[in-house]
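Each ligand, and each atom within it, is numbered from 1 in the order the structure gives.
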Amino acid sequence: MDTATTSKAEIASPIQDVDDELQQLLQTLPEEQGWVSGSSLYLYQGFWYAPHILKHAISCQRHFQASDSDVIVATSPKCGTTWLKALTFSTLYRNQFTRDESPLLTFNPHRLAPSLEYGVDLNNPCPGRVYKPRLFGTHIPYASLPASIKDSDCKIVYMCRNPMDMFISFWHFRDMLRDESKELLSLDEAFDKFCRGIYFSGPFFEHVLGYWKASRENPNKILFLKYEDLKEDISCQLKHLAMFLGVPFTEDEEKGGVVEEIANICSFEKLKELEVNKNGSQNGIPYKVFFRKGKVWDWSNYLTPSMVERLEKLIQEKLDKSGLTFKLSSKSSKP
Ligand code: A3P
């Protein structure tokens, strides 16, 4: 899985656990302290990784062979990975089970769309059965993706979220996962690191822009979605997703309410209340940490005016002329 394992690895994976090659590599990479005391992050190909994640990411770069039919859900952490995995899974395989038998009712979305860089068993990635086409997740930045993903006809669905909410979500996530004996950076300190790009999978803007540019060059291969747009009109975005994946909803499906059914089963309220997501866990990470508030613009409850000003400036500077904008509040549609 992804961010969950990431954080755990950052917390619990001492450097001596990783193999010799990685240890040698780490010695050559820039290092920074993570957001939780005792954790380290390493800069590899322009992005920050915890050691265990880096090990799997490199292995994935070297060995993963994409098929033309594969679907990859790509995100920065805390941008709605869990939601997008649930939606993509439910859309792709909707004819393989009835609504009452949806695997989402008994498995967390991270089990159904496992993340590539975590040593996935490619022959048996999902519990119980093998779904076709294959569906994977990843936080690997576009430039560092395995060549076979970029060169094959497999499809990538990328979802981003406005950086203010993403930051707040990530700070809480790290807090929920930390051992009691470890300390989390204050909001101020973490914010400074975030603005400097130092967190697992950061820098934020480079991650987003990598996929944004690639999606503009190749819109049939990469679909670029925004969390805020899904929150605003899930049915419209779901239809768009299904069309992109080559499995558009039929007229009968639309009339029969299939789109709404998928939106409903994947909704925050529904997923959060499922037994598996309330009490289940994977690799020691409770699934409940993936379901906090599920709201847009929660940042306004945490960020001070000077923090907002700093991030707004950064957004303008980084996204300048890119054509990419974020809706930062209900009033604005521009950075
Ligand atoms: P908040 O912390 O703002 O609540 P990721 O899945 O990439 O780890 O992102 C987690 C964020 O997505 C959390 O945001 C979480 O609450 C939210 N989320 C999880 N499931 C969701 C869903 N079905 N619909 C909307 N948001 C969801």
Q.
Suppose we call two aromatic rings close when their centres sit under 6.0 Å apart. Are Tyr227 and Trp83 close by that rule?
A.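 Yes, ring centres under 6.0 Å apart.
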Q) Strictly under 6.0 Å, is that where the ring centroids of Phe64 and Phe136 end up? A)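 Centroid separation for Phe64 and Phe136: below 6.0 Å.
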Using a strict 4.0 Å cut-off to heavy atoms of [X], name the atoms of ligand 1 that fall inside it.
X      : result
Gly80  : 5 (P), 6 (O), 7 (O), 9 (O)
Gly294 : 1 (P), 4 (O), 16 (O), 26 (N)
Phe291 : 16 (O), 19 (C), 20 (N)
Ser267 : 23 (N)

(Q) Taking distance alone, with N or O pairs closer than 3.5 Å, would you say Thr81 contacts ligand 1? (A)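 N/O-N/O distance below 3.5 Å exists for this pair.
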Q: Look only at interatomic distance and state if His110 has a nitrogen or oxygen under 3.5 Å from any nitrogen or oxygen of ligand 1.
A: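 N/O-N/O distance below 3.5 Å does not exist for this pair.
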Q. Among the heavy atoms of Phe170, does any lie under 4.0 Å from an atom of ligand 1?
A.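 It does not, in that no heavy atom of Phe170 comes within the 4.0 Å cut-off of ligand 1.
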Q: For residues 262-272, pull every pair meeting salt bridge (Lys or Arg N to Asp or Glu O under 4.0 Å), keeping only residues two or more places apart or in separate chains.
A: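 Those involving residues 262-272 do not exist here.
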Q.
If you take the nearest heavy atom of each of Lys78, Lys293, Lys231, Lys295, which one is closest to atom 4 (O) of ligand 1?
A.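 Ranked by closest heavy atom to atom 4 (O) of ligand 1, first place is Lys293.
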Q) Nearest to atom 13 (C) of ligand 1 by heavy atom, Gly137, Ser169, Pro77: which? A)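 When every heavy atom of Gly137, Ser169, Pro77 is considered, Ser169 comes closest to atom 13 (C) of ligand 1.
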Using heavy atoms and a threshold below 4.0 Å, how should the contact between [X] and ligand 1 be classified: side chain, backbone, both, or neither?
X      : result
Arg161 : side chain
Phe290 : both
Cys79  : backbone

Q: With His207 as reference, evaluate Tyr199, Tyr142, Tyr158 under the ring pair (Phe, Tyr, Trp, His ring centres under 6.0 Å) test and give the passing residue.
A: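 That would be Tyr158.
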**Q.** Short side-chain donor-acceptor distance under 3.5 Å, Lys78 and Ser201
**A.**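 Note: Ser201 and Lys78 side chains miss the donor-acceptor criterion.
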Q. With distance as the sole test, does Gln45 use its side chain to make a donor-acceptor pair with the main-chain N or O of Ala143 at under 3.5 Å?
A.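 Checking the backbone N and O of Ala143 against the side chain of Gln45, no donor-acceptor pair under 3.5 Å is found.
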Q. Are the side chain of Arg94 and the backbone of Thr91 linked by a donor-acceptor contact shorter than 3.5 Å?
A.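 Answer holds: yes.
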Q.
My understanding is that only residues two or more places apart in sequence, or in another chain, count here; which of them pass salt bridge (charged side-chain N to carboxylate O under 4.0 Å, His left out) with Lys255?
A.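 With sequence neighbours excluded, Lys255 shows a salt bridge (charged side-chain N to carboxylate O under 4.0 Å, His left out) to Glu251, given in chain and number order.
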